[in-house]
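These notes concern the structure reproduced below.
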Amino acid sequence: MSNPNVPDHHEEAYVSLMRDMRELDLTGSSIPCDLVLIGDHAFPLAMNSQGQVLMAASLYGKGRIVVVGHESYLTKCPALVESALVWLRGDGSNNTSVGINKEVKEVADHLNKSSFQTRVVEGFEKNLGVGVYVTKAYNVDKEVKDLVAFLKNGGGVLMGGQAWHWASSHPKSNTLLQFPGNKLSGVAGIYFSEHRCEAERIPVPPQIPSSWMSVVIGKDFEDDLEFLFDGVPELDLQGNSLASEILIHGPLAFPIGTTEGGQAFMAGAYYGQGRVIVTAHEGFLGREKLTKFWSNAIRWLDEGRQGVVGIEPKLSGDILRKSGLKFEQSGFKKDLSVFVCRPNTNIDILDYVAEGGGLLVAGHAWYWAQTHRGKNPLSDFPGNHVLNKMGLSLLGSTVKGGIFKTPDPSKAKDNYHFRQMLRRFAAHVTKGENLSKQEEGNLKKLGQDCCEYLHMNARDCCSYTQVVSTLTDIFKTSGLPQVCDKCPSKGAKDHLLLSLGADVYKACPNPDALLPYLIKDNPVMPVVYNHKVYINVDTAGGEEWISTGLYLAPGLKTHIAVPKQILNKGWQVQIGCQTDRLKHESLKRAPRVHERFPVTSEMMLVHNLWGGLIYLIAPPKTKEEGLEVTVQIAVPAPYYKSGVTTPAEWALLKTAPAPWAELEFANLIMTVPSDVIRDLERPDLLAVLWDDIMKGIADLAVIPHKFPRKERYVADVQISHGWMHAGYPVMMHRATAAALVSVEHAKTKGLWGAIHELGHNQQRRCWEFPSHTTECTCNLWSVYVHENVIGMSKEKAHQAMIPENRNKRAEEYVKGGRKLSSWSVWTALETYMQLQEKFGWDSFKKVFAAYHKMSDCPKGNPEKMNLYAETFSNTVQMNLCGFFKAWGWPIEKATEEKLSKLPAWNDHPMTKYN
């Protein structure tokens with residue numbers, strides 16, 4: 001149960017506290033309680049076989065605290081007590097004076113031979129002058145304020161007790177806040193709970209103990225939700241306020257408002273002795289229909305103090321004022337009962353809440369995420385620096401507004417909670433416990449939440465490292481599904497594991513030890529050392545991938561030396577060519593398999609669980625010549641570059657061991673599985689074909705033959721949508737790869753789909769009429785290239801272009817009433833084909849050239865269609881209004897008047913349907 005993934009200062013503290021101990025004998029008549037830990041600093045010292053925490057330690061301010069789950073352990077474990085006192089007095093402190101409450105005076109007897117100066121006292125006082133204070137958890141009510149100040153200023157506290165008996169005799173009380181010991185230990189993130197523990201002989205591991213069973217929820221929150229929803233049947237969040245999703249991950253955090261899909265837009269939490277509510281858009285504070293809820297919320301945060309509520313300037317407070325409390329518009333002040341603010345980085349707020357303050361945070365993170373591309377909202381969004389510690393985080397994902405029925409508080413324990421669901425999944429994997437249908441339905445969300453949570457990178461937080469340890473154990477038990485084209489994933493469990501594998505691999509402290517459980521087939525391949533890559537780049541066409549001809553095997557790490565002039569200028573290293581993120585229910589590979597690393601140092605360490613080709617990513621508007629990059633170790637990949645790679649070099653390179661190959665031509669780079677090119681003898685002939693194709697693409701688009709950025713194809717085992725899709729790179733299924741590298745296939749069967757996607761990349765908003773022409777005008781390039789470059793008729797290139805099929809579509813369109821709602825794809829293409837057959841390809845080139853010179857084009861389809869009719873008519877010097885009207889276009893009278901002096905096209909192909 002040891003946990004190696006815990007920050008060093010916690011580990012050092014643990015080693016100091018548990019030195020020379022091999023076992024804790026906690027058997028006997030004493031029944032301890034489970035301790036609940038939250039925050040960054042609390043960590044377990046003793047954990048039983050059920051994952052319950054019986055002892056824990058933490059920091060608060062400059063001080064330290066150790067808590068044991070039964071007061072008898074203060075005398076039952078003398079070695080632990082003495083070690084605890086040494087640690088509690090702090091590093092370098094010479095104060096050996098220990099104040100011992102008379103209720104535990106037996107502790108003084110056990111210390112009579114130690115170096116500590118013990119004093120048995122009636123209670124704690126401000127000027128006691130001790131370095132450490134020892135007490136029971138039951139009698140600190142009157143001393144809490146002074147003890148918290150003592151702890152915060154560097155004092156040490158050792159406290160023992162259990163809360164289950166107190167809770168049973170105070171059934172209507174809130175144990176977290178009202179049990180006396182929690183008023184002190186809670187500020188440091190340690191709570192006595194009402195749950196009994198199994199007392200055992202507990203082995204002392206060499207590192208902080210960990211168990212998937214320790215991931216528990218510390219409260220059911222039924223009473224909190226009853227209070228918050230009193231008189232509130234629904235949360236009306238209709239309108240334009242787009243909220244962020246909230247990740248709820250703390251043991252004492254809970255959802256308040258969620259969508260039917262489980263996305264939280266409002267949440268609450270206990271933190272120390274205080275409370276917090278987060279609403280994921282500041283606009284919700286001003287909603288009249290939420291008046292009753294906000295009144296309840298402010299009073300819940302105030303906890304009956306009837307204090308002053310401070311509202312950060314610029315936030316709406318009119319609705320909040322109806323709660324009846326005293327309000328003031330102000331910045332943060334410690335004497336406020338409740339503070340209302342936007343997400344911020346004021347760390348003083350943490351102490352304010354821990355010591356009893358109420359906090360209402362209103363704001364979102366999605367806009368920040370959109371304007372800080374490449375940044376991580378979990379770790380980089382300023383507001384999360386505070387919220388993360390409270391068990392709540394604002395995400396970059398959004399939640400749409402609506403009317404949401406408030407949940408039944410009596411069923412609060414059944415609500416989805418990330419930590420509880422993770423515990424159930426761990427039990428399912430490691431112990432074979434069955435999941436309910438509802439829990440199986442939650443696995444997809446659990447996977448998403450785990451990925452988000454791991455991005456927090458909170459390695460200084462024991463709660464985070466406990467989750468990482470749990471996930472690591474899950475993978476060591478279950479392994480990672482080894483999916484492929486012929487063996488796709490089989491369900492939600494496989495999907496979850498595939499989604500998480502890479503993130504757990506990155507987060508765990510010993511990824512090399514985990515790798516064999518994740519990648520089963522990882523053959524050793526020959527490598528090259530200190531390979532130099534020379535780069536000339538001019539990214540006028542936007543961000544650009546620069547191939548290195550190298551591959552990094554799964555789990556293999558390499559250092560890359562980069563020149564100083566590109567540091568911190570937006571450059572990145574990318575491992576992997578498969579950049580599509582998959583959302584399919586059945587997966588043939590993991591949803592995300594590439595990694596990017598910002599270039600911020602001259603020597604970078606990079607790796608990727610899944611392996612992949614190595615690229616340099618040059619940012620837009622970058623021009624550099626003669627850059628030299630050195631890759632320390634990598635696997636050579638088949639890589640052909642026109643005008644550079646000789647036939648003799650290719651004969652050797654095509655046998656390179658990497659599973660991915662790249663062929664780089666004048667205006668196109670294709671990335672395909674290596675087995676596709678093993679028999680490719682003449683890539684130079686293939687280059688000629690594709691160079692001609694790309695010239696054809698450019699000719700029709702009326703752009704220079706040298707593209708500002710070379711297009712890319714990547715053939716993957718599975719892509720995000722469709723059989724192919726456009727973009728950079730154009731993505732396609734592996735099955736199409738062989739056709740890309742075959743001149744014969746192109747000449748005999750054509751390349752309609754591949755050219756179609758390049759056509760998509762040439763579409764321009766000013767002459768596109770979505771959604772009618774989205775899958776239509778891109779086919780102009782398919783027709784043009786086949787007819788003018790490949791030398792194949794359009795009817796041979798695609799059966800949809802056979803004359804009888806074309807005529808049938810036009811006839812059916814007319815019979816259907818010439819409705820634009822039916823004018824799309826092949827039907828819409830017929831319109832353009834009729835124009836092409838009458839006026840030729842040169843007319844299209846002139847039209848596209850005219851659009852290149854236009855600015856301030858209209859945005860709506862009707863306006864754009866009229867502009868197109870006008871532009872084409874003026875280009876061919878013929879009035880085409882009648883033709884376009886015959887196709888159902890919304891041609892305006894103003895357009896007809898503009899073109900009235902041109903001769904009309906009266907014998908167009910649609911006249912036969914009049």
Side-chain angles (χ1 to χ4, degrees), residues 217 219-248 253-270 275-303 309 311 315-325 327 338 340 342-343 358-366 387 391-395 397-418 420-421 438 441-442 445 449:
I217 306 305
K219 195 178 186 298
D220 63 17
F221 306 108
E222 179 179 347
D223 54 340
D224 303 290
L225 293 175
E226 283 182 349
F227 189 99
L228 289 166
F229 293 146
D230 180 30
V232 183
E234 63 187 22
L235 297 173
D236 187 341
L237 300 180
Q238 298 178 95
N240 297 323
S241 296
L242 187 62
S244 282
E245 183 177 0
I246 302 173
L247 175 63
I248 302 167
F254 60 99
I256 295 173
T258 61
T259 66
E260 289 186 3
Q263 287 183 294
F265 53 82
M266 200 174 292
Y270 285 77
R275 295 170 171 177
V276 61
I277 288 177
V278 176
T279 183
H281 197 287
E282 60 274 19
F284 295 162
L285 296 182
R287 293 193 64 80
E288 188 77 33
K289 293 181 179 179
L290 295 180
T291 299
K292 176 59 175 173
F293 172 77
W294 287 128
S295 177
N296 294 347
I298 291 295
R299 289 187 293 111
W300 183 78
L301 293 168
D302 175 67
E303 297 185 52
V309 179
I311 304 178
L315 280 181
S316 172
D318 293 343
I319 300 300
L320 302 181
R321 283 181 166 84
K322 296 182 180 181
S323 63
L325 297 180
F327 280 75
V338 179
V340 184
R342 286 169 293 189
L359 181 67
L360 173 55
V361 178
H364 55 78
W366 62 261
L387 292 176
L392 301 167
S393 301
L394 289 166
L395 304 181
S397 52
T398 58
V399 179
K400 294 182 180 179
I403 298 177
F404 304 97
K405 185 178 179 181
T406 54
D408 182 351
S410 67
K411 298 180 180 179
K413 63 182 179 181
D414 298 326
N415 290 342
Y416 170 88
H417 192 290
F418 161 58
Q420 184 62 28
M421 189 61 222
Q438 181 179 352
N442 286 333
K445 179 163 178 55
D449 287 351

Nearest heavy-atom neighbours spanning [X] and [Y]:
| X | Y | value |
| --- | --- | --- |
| Trp366 | Leu242 | NE1-O, 2.6 Å |
| Ala253 | Gly391 | CB-O, 3.6 Å |
| Gln263 | Glu245 | NE2-OE1, 3.2 Å |
| Ile248 | Ala264 | CD1-CB, 3.8 Å |
| Leu392 | Val276 | CD1-CG1, 4.2 Å |
| Leu301 | Ile277 | CD2-N, 4.0 Å |

Min side-chain heavy-atom separation [X]-[Y] under 4.5 Å:
| X | Y | answer |
| --- | --- | --- |
| Leu394 | His364 | no |
| Val399 | Thr259 | yes |
| Asp230 | Glu226 | no |
| Phe404 | Leu237 | yes |
| Phe293 | Met266 | yes |
| Trp300 | Arg275 | yes |
| Ile256 | Phe265 | no |
| Leu395 | Ser244 | no |

Between [X] (side chain only) and [Y] (backbone N and O only), is there a donor and an acceptor less than 3.5 Å apart?
| X | Y | answer |
| --- | --- | --- |
| Arg299 | Ser323 | no |
| Asp302 | Gly358 | no |
| Ser241 | His281 | no |
| Thr406 | Pro233 | yes |

Requested in this report: Scan Asp449, Thr258, Asn442 and name whichever one has a side chain to side chain donor-acceptor pair (under 3.5 Å) with Tyr416.
Outcome: Asp449
Query raised in the report: More than 12 heavy atoms of other residues, nucleotides or ligands under 6.0 Å from NZ of Lys289: is that the case?
Result: no
Requested in this report: Answer yes or no: is there an ion pair linking Lys322 with Glu288, defined by an N-O contact shorter than 4.0 Å?
Outcome: yes
**Report entry** Rounded distance [0.5 Å steps], CD1 in Ile319 versus CH2 in Trp294
**Finding:** 11.0 Å
